[in-house]
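Report on the following structure.
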Amino acid sequence: MSESAGGDPSRIIQLIMTLRRQGITDGKVLGAIERTPREVFVEAAFEGQAYENSALPIECGQTISQPYVVAFMTAKLGVSDRMKVLEIGTGSGYQSAVLARLCRRLYTVERYRTLLREAEARFARLGLTNITSRAGDGTKGWPEQQPFDRIIVTAAASEVPTLLVDQLKTGGIAIVPIDVPASQATSQGSGQMLAKITKTDDGYTREDLIAVRFVPLVDGVAREL
Ligand code: SAH
């Protein structure tokens with residue numbers, strides 16, 4: 001593997017085997033993860049843990065998602081190479097990079113400019129040219145570029161984000177972590193449910209997938225740290 005692509009083949013293969021054991025069977029998704037060196041997306045202090053199946057801290061108090069969750073969300077999104085996809089919450093850019101290998105064009109929005117600039121440098125380093133990114137409030141989507149075939153939100157919304165669903169094509173899918181209302185909390189506490197929202201002619205349908213833990217989706221653009 002070339003230096004610029006980065007990545008430790010044996011550690012990546014181990015990660016792929018772990019994901020397979022955990023039920024990720026989609027070969028295209030596993031292939032995209034295999035070709036995306038996660039060590040490029042973590043801070044230097046965590047490089048040794050880059051291929052462990054865990055979330056890690058990144059700048060601005062945010063996190064890079066656990067590989068299993070990235071793989072699961074990507075598989076449920078059902079992306080093809082003809083699709084235009086919107087991501088809310090660029091963060092490190094790892095999920096963006098995995099998606100960009102599977103779709104035609106990825107649009108990604110991040111509220112922290114610091115994170116966005118670092119993610120953009122990583123996209124350039126990896127030669128990912130089909131990503132368009134911007135700093136902004138992702139709760140409003142990307143109205144100029146709608147409609148999208150798919151939308152992925154990588155921060156937890158308090159309710160179904162209908163503004164985003166409105167920017168999907170009919171039949172389009174959004175994968176979104178949504179807070180579980182306190183009234184429905186179980187003995188394990190409240191938390192978040194990963195939901196698959198499908199846009200229909202007259203609204204949307206919702207299917208709940210798995211319990212997850214994401215940083216919150218926050219309104220507005222961040223003041224720089
Ligand atoms: N997909 C990322 C995970 C990032 S964590 C990765 O693979 O690394 C979630 C990100 O969502 C954070 O960077 C946070 O700043 C961002 N975020 C939260 N609310 C947002 C909003 N309203 N608009 C855009 N980004 C938002």
Side-chain angles (χ1 to χ4, degrees), residues 15 19 29 32-33 35-43 46-47 49-77 79 85-103 106-123 125-126 128 131-143 145 148 150-165 167 174-179 192 194 212-225:
L15 174 61
L19 296 177
V29 172
I33 288 182
R35 287 180 289 134
T36 307
R38 194 166 179 257
E39 68 194 59
V40 169
F41 295 85
V42 302
E43 288 182 41
F46 295 103
E47 260 175 41
Q49 287 155 261
Y51 297 101
E52 288 176 16
N53 191 19
S54 56
L56 292 168
I58 57 175
E59 278 194 78
C60 306
Q62 307 302 312
T63 51
I64 174 172
S65 306
Q66 182 192 12
Y68 173 75
V69 173
V70 171
F72 184 86
M73 290 175 83
T74 307
K76 289 291 178 186
L77 207 56
V79 179
V85 180
L86 174 65
E87 177 190 38
I88 308 303
T90 317
S92 69
Y94 178 65
Q95 170 77 77
S96 329
V98 171
L99 276 173
R101 299 190 189 278
L102 300 170
C103 70
L106 178 77
Y107 294 84
T108 184
V109 186
E110 169 57 52
R111 65 190 289 276
Y112 283 104
R113 285 178 197 283
T114 310
L115 289 176
L116 191 73
R117 273 195 295 266
E118 289 186 9
E120 285 169 344
R122 292 170 180 136
F123 302 152
R125 178 172 166 196
L126 296 179
L128 296 167
I131 302 178
T132 308
S133 52
R134 78 168 186 200
D137 179 3
T139 61
K140 299 186 173 59
W142 198 317
Q145 288 297 340
F148 295 96
R150 300 287 186 264
I151 298 179
I152 184 169
V153 184
T154 67
S158 53
E159 52 190 30
V160 174
T162 49
L163 264 179
L164 296 180
V165 176
Q167 295 182 19
I175 300 288
V176 192
I178 303 177
D179 292 339
Q192 304 154 5
L194 192 66
V212 286
R213 189 173 293 266
F214 278 87
V215 296
L217 185 68
V218 181
D219 279 345
V221 179
R223 282 179 48 203
E224 285 312 300
L225 295 175

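Heads up: numbering here begins at 1 and tracks the sequence. Numbering of ligands and ligand atoms starts at 1, following listing order.
Selection from Ala222, Pro67, Gly61, Ser92 by nearest heavy atom to atom 8 (O) of ligand 1 gives Ser92. Nearest residue to atom 18 (C) of ligand 1 from Gly220, Pro216, Gly138, Gly89 is Pro216 (criterion: closest heavy atom).
Looking at Asp137 next to ligand 1, an N or O pair under 3.5 Å apart turns up. For Leu217, no nitrogen or oxygen atom sits less than 3.5 Å from a nitrogen or oxygen atom of ligand 1, counting backbone and side chain alike. Taking distance alone, with nitrogen or oxygen atoms compared against 3.5 Å, Val218 approaches ligand 1 more closely than that limit. The N/O atoms of Thr154, backbone and side chain alike, include one that comes under 3.5 Å of an N/O atom in ligand 1. Annotation: Ala155 places no N or O atom under 3.5 Å from an N or O atom of ligand 1; distance criterion only.
Side-chain contact check for Arg38 versus Leu56: some heavy-atom pair is nearer than 4.5 Å. With a 4.5 Å cut-off on side-chain heavy atoms, Thr154 and Val70 do not count as touching.
Among all non-hydrogen protein atoms, the one lying nearest atom 15 (O) of ligand 1 is Glu110 OE2, 2.7 Å. The protein non-hydrogen atom at the shortest distance from atom 7 (O) of ligand 1 is Gln95 N, 3.2 Å. For atom 12 (C) of ligand 1, the closest heavy atom belonging to the protein is Gln62 OE1, 3.2 Å. When hydrogens are left out, the protein atom nearest atom 20 (C) of ligand 1 is Arg111 CD, 3.2 Å; that is the closest non-hydrogen contact.
Cys60 does not count as a contact of ligand 1, since none of its heavy atoms falls under 4.0 Å from the ligand.
With rounding to the nearest 0.5 angstrom, the CG atom of Leu86 is 10.0 Å from the CD1 atom of Ile152.
The contact set between ligand 1 and Thr139, taken as ligand atoms under 4.0 Å from a residue heavy atom, comprises 22 (N). Remark: ligand 1 atoms within the under-4.0 Å shell around heavy atoms of Thr63 are 3 (C), 4 (C), 5 (S), 8 (O). Each of the atoms 13 (O) of ligand 1 lies under 4.0 Å from some heavy atom of Leu115. Close contacts of ligand 1 with Ile64, meaning ligand atoms under 4.0 Å from a residue heavy atom, involve 8 (O). Every atom of ligand 1 with a heavy atom of Val215 under 4.0 Å away is listed here by number and element: 5 (S), 9 (C). For ligand 1 and Val109, the ligand atoms under 4.0 Å from any heavy atom of the residue are 24 (C), 25 (N). Taking a cut-off of under 4.0 Å to the non-hydrogen atoms of Gly136, the atoms of ligand 1 that pass are 23 (N), 24 (C). Counting atoms of ligand 1 from 1 in the listed order, those under 4.0 Å from a heavy atom of Tyr112 are 15 (O).
Between Phe123 and Phe41, the ring planes lie tilted relative to each other; the angle falls in the 30° to 60° range.
Thr114 and Glu59 are not linked by any side-chain donor-acceptor pair at a separation below 3.5 angstrom, with hydrogens and angles left out of the test. Checking Glu43 against Ser92 by side-chain atom types alone, no donor-acceptor pair falls below 3.5 Å.
At a 4.0 Å heavy-atom cut-off, ligand 1 does not touch Ser96 at all. With a 4.0 Å cut-off on non-hydrogen atoms, Thr90 touches ligand 1 through its backbone and not its side chain.
The heavy-atom pair separating Pro177 from Val153 by the smallest distance is CD-O, 3.0 Å. The shortest heavy-atom contact between Gln167 and Trp142 is OE1-N, 2.8 Å. Counting all heavy atoms, side chain and backbone alike, Glu120 lies closest to Ser133 at OE2-OG, 2.6 Å. In terms of heavy-atom proximity, Val218 sits nearest to Thr139 at O-CG2, 4.4 Å.
Under the 3.5 Å distance criterion, the side-chain polar atoms of Arg122 are left unmatched by any main-chain donor or acceptor of Gly93. Using a distance-only test at 3.5 Å, with no hydrogens or angles considered, no donor-acceptor pair links the side chain of Glu39 to the main chain of Pro37. Distance alone, capped at 3.5 Å, is enough to place a donor-acceptor pair between the Arg111 side chain and the Gly220 backbone.
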